[in-house]
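Within every chain, numbering begins at 1; the chains are lettered A, B, ... in the order of the sequence lines, protein sequences first and strands thereafter.
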Amino acid sequence: MKIVIAEKPSVGRELAKVFGATTKKDGYIEGKGYSFTWAFGHLLQLAPPQEYGFIGWRRQHLPMLPKKFKLGIRKIKTKDGLVEDPGVRKQLDIIKKLFDEATEIIVATDAGREGELIFRYIYYFLKCKKPFKRLWISSQTDEAIKEGFRNLKPGTDYDTLFNSAHCRSESDWLVGMNATQALSISAGSRSVLSLGRVQTPTLAMICSRFLEIKNFVPQLYYQLAIQLDKDGQLFKAISVNNFDKKEEAEELFAKIEDVAAGFPNGGKILTVEAKPRKEPPPLLHDLSSLQQEANKRKGFTADQTLNLLQGLYESKLVTYPRTGSRYIGDDVFAGVPNLIDKLKDHKDFGKQADFLSTATLNKRSVNAKKVTDHHAILPTGESPYQLSGDKQAIYDMVVGRMLEAFHQECIKEITKITIEAGSVFMANGTVIRSAGWRSVFNESDDDKKDEENPSLPKVKAGEELPIVNKALLEKQTKPKSLYNEASLLKALETSGKDIEDEELRYAMKDSGLGTPATRAAIIETLINREYIVREKRNLVPTTKGLAVYDVVKDQKIAQAELTGQWEKRLEEIRSGASVADFKAEITDYTRTITNELLQSGTGLAEKFAKEEKPAEKVS
DNA sequence: GCAAGGTC
């Protein structure tokens, strides 16, 4: 019997279907000489410190540097504390039984670093010695799967990939566990002060933005505004220059020759520029972009959106949700017209679906090279039935985005008129000539509200128009906004782009901080630690969060660059570089950060202890 | 009591 092991049940079932295996067993599917089984993501995790004899949180244990890491079955939180997840235990038993019977093992976990690790941890935990082959595919279509099985690779081809994954895993443990205990202990062990490669830079981003706003000193500046009259149609123009000094603005303001002051034709048109601007449709959604949209439209947290989407996925209404790709391959694209056809009766989108069913579909989101482990989120074509309001809202965002993505460009006409009236003024106007994809949700531009001139009158250069109103505007420079979940998710995705070092920036170009699957959990962790709170839709640091930030802000652990450095080294390991060198570096860094935190955390608790409620102090 | 990673 050949055993195929997938990362998750949905993929295992899909593979079984392609082979025509139909006998459903508990935890696997059998048929045609194969058994198809699966994990549920990581079934195993690195054992916690106490399993190496580091009982209790004690200064003398630090740094904790296990000679050899142990694996343990994934735990879940219950009222009795952490216990082995019974579902995971059961599935591992099933996998063990199948491996024992296997004549051949075929690894079909996701084609990536973590997919490799998911399998290898199971394989080594079960002490399996049988050789295995690797299925490596980036598309789950029947043809891609068949082709992949005709081209199975020797398992050992991916040994270096496993090495890099293994290093990632152990390094996160070493740095995270040690830094967390070091800071918590030196601050007086009153509460858990967690630190980690991802959560701490994320906290730092939130805190530094908050402080930047708090310390922001608004600057006054002045603008001049005039209103002109073209044959009865009024429109507004603003001075091109801003003025720091009020006197300067007042001087120019006095020179504006308006009707009230006895000048019937005070504004002279200098230039008129009208050009069309084409807006391509947005790309299909990946998890992050959908979380951002759901946060903006409905105020859902990243975690809520992920849960709703997981529910839709389990009901087979949408494709795999934790994807980082906004593209689909040509094979998936071939099924899109059929998906669109099924929406013709939809109450909101029917008309657009009808239109698209005869139009040429835009292929901006079609690019097989940009499909990584999973493609962009699409509806499956199954008909939803009695969804909850929130689920329906998410489902509609997926469906609506699909229609948008394959729709036509939106064509706008942008008009710019410059006017001389003592100084130079400019009027901007935007008119939508052809709504294209924007007709799906029929909403105006959500990013920027265009100035008050939706459409400007037809004027010609050289024309002189009466100025019917003028105003001297006093304005203030504004600080950046606080992070909310949408802007934070975006910042996490792109955090690598701000890195100055070119190599580190390159190493992070496809990753950012965290992964699509983990970012929602990171936000929740920061909230659970009482480092940040939600205030309306904003994410605001607490006194505790700011105090922790103050201790670590100049340390490597608070910089996104740390992930960049790791990614660069991990990629080198994948290409065959020494594992021992990297491990030595990490061990070294673990010692350094642990010692530093044991010193610098002293006195930290006093900074926020008074803010804590008595009930929380007791524990 | 603790990381980050994956998933139900």
Is there a donor and acceptor pair closer than 3.5 Å between the side chain of A:Q181 and the base of B:dC2?
yes

Starting from P on B:dG1, measure out to CG on A:L183 and report it in whole angstrom.
19 Å

Under 5.5 Å between ring centres and under 30° between planes: does that hold for A:W173 against the base of B:dA3?
no

Could you tell me whether the phosphate oxygens of B:dG1, OP1 or OP2, come under 4.0 Å of any side-chain nitrogen or oxygen in A:R58?
no

Side chain of A:Q50, base of B:dC2: donor and acceptor closer than 3.5 Å?
yes

Among B:dA4, B:dT7, B:dC8, the one nearest any side-chain atom of A:Q310 is B:dC8

Whether A:Q199 contacts B:dA3 is assessed here as follows: a side-chain N or O lying under 4.0 Å from the phosphate OP1 or OP2. Is that the case?
yes

Given B:dC8, B:dA4, B:dC2, which nucleotide is nearest the side-chain atoms of A:P48?
B:dC2

Between atom CG in A:L92 and atom C1' in B:dC8, what is the gap in whole Å?
15 Å

It should be established whether A:R529 places a side-chain nitrogen or oxygen under 4.0 Å from OP1 or OP2 of nucleotide B:dG1.
no

Counting any heavy atom closer than 4.0 Å, what does A:G115 reach on the DNA or RNA strands: base, sugar-phosphate only, or nothing?
nothing

Have a look at A:R197 and say if it touches a base, only the backbone sugar-phosphate, or nothing, with a 4.0 Å heavy-atom cut-off.
sugar-phosphate

What one should report as the nearest heavy-atom pair of A:S35 and A:E30 is OG-CG, 3.6 Å

Which nucleotide in B:dC2, B:dG5, B:dT7 has an atom nearest any side-chain atom of A:I522
B:dG5

Could you check whether A:D85 gets within reach of a base, just the sugar-phosphate, or nothing at all, counting any heavy atom under 4.0 Å?
nothing

Just the rounded figure in Å: distance from C1' of B:dA4 to CG of A:L562.
12 Å

Where does the angle between the aromatic ring planes of A:F119 and A:Y123 fall among parallel (under 30°), tilted (30 to 60°) and perpendicular (over 60°)?
tilted

Tell me which of A:A39 and A:T525 sits closer to the 5' end of DNA chain B, going by the nucleotide each one is nearest to.
A:T525

5' precedence on DNA chain B between A:H374 and A:M177 (nearest-nucleotide basis)
A:M177

Under 3.5 Å, is there a donor-acceptor pair between the side chain of A:K553 and the main chain of A:A558?
no

Can you tell me the distance, in whole Å, between the CZ atom of A:R13 and the P atom of B:dC8?
9 Å

Of the listed nucleotides (B:dC8, B:dA4, B:dG5), which one gets closest to any side-chain atom of A:D172?
B:dA4

Counting the atoms with a prime plus P, OP1 and OP2 as sugar-phosphate, which does A:F54 contact under 4.0 Å by heavy atoms, base, sugar-phosphate, or nothing?
nothing

Are any of A:S194's side-chain N or O atoms less than 4.0 Å away from OP1 or OP2 of B:dC2?
no

Nearest-angstrom distance from the residue atom NZ of A:K75 to P of B:dA4
18 Å

Please work out which of the three classes, parallel, tilted or perpendicular, describes the rings of A:F36 and A:Y34, given edges at 30° and 60°.
parallel

Which part of the nucleic acid does A:L46 contact within heavy-atom distance under 4.0 Å: base, sugar-phosphate only, or nothing?
base

Does atom NZ of A:K133 have more than 12 heavy-atom neighbours from other groups under 6.0 Å away?
no

Between A:E524 and A:R534, does the salt bridge (charged side-chain N to carboxylate O under 4.0 Å, His left out) criterion hold? Intermediate values first, please.
CA-CA 10 Å; A:E524 298 304 316; A:R534 292 195 175 91; 2.7 Å; yes

Check every atom of B:dT7, B:dA3, B:dC2 against the side chain of A:V192 and return the nucleotide holding the closest atom.
B:dC2

Return the value, rounded to whole Å, for the distance between atom CG of A:L117 and atom C1' of B:dT7.
14 Å

Salt bridge check: are A:E572 and A:R569 linked by an N-O gap of less than 4.0 Å?
yes

What is the distance from CZ of A:R190 to P of B:dC2, rounded to the nearest Å?
19 Å

Ignoring the backbone of A:H42, work out which of B:dC8, B:dC2, B:dG5 is nearest its side chain.
B:dG5

Of all the choices, B:dT7, B:dC2, B:dG5, which nucleotide is nearest to the side chain of A:P49 once you look at every atom?
B:dC2

If the cut-off is 4.0 Å, is A:R519 near the phosphate of B:dG5, judged by side-chain N/O to OP1 or OP2?
no

Give the rounded distance in Å between these two atoms: CG of A:L82 and C1' of B:dC2.
11 Å

Please determine if a side-chain N or O atom of A:T518 lies less than 4.0 Å away from the OP1 or OP2 oxygen of B:dG5.
yes

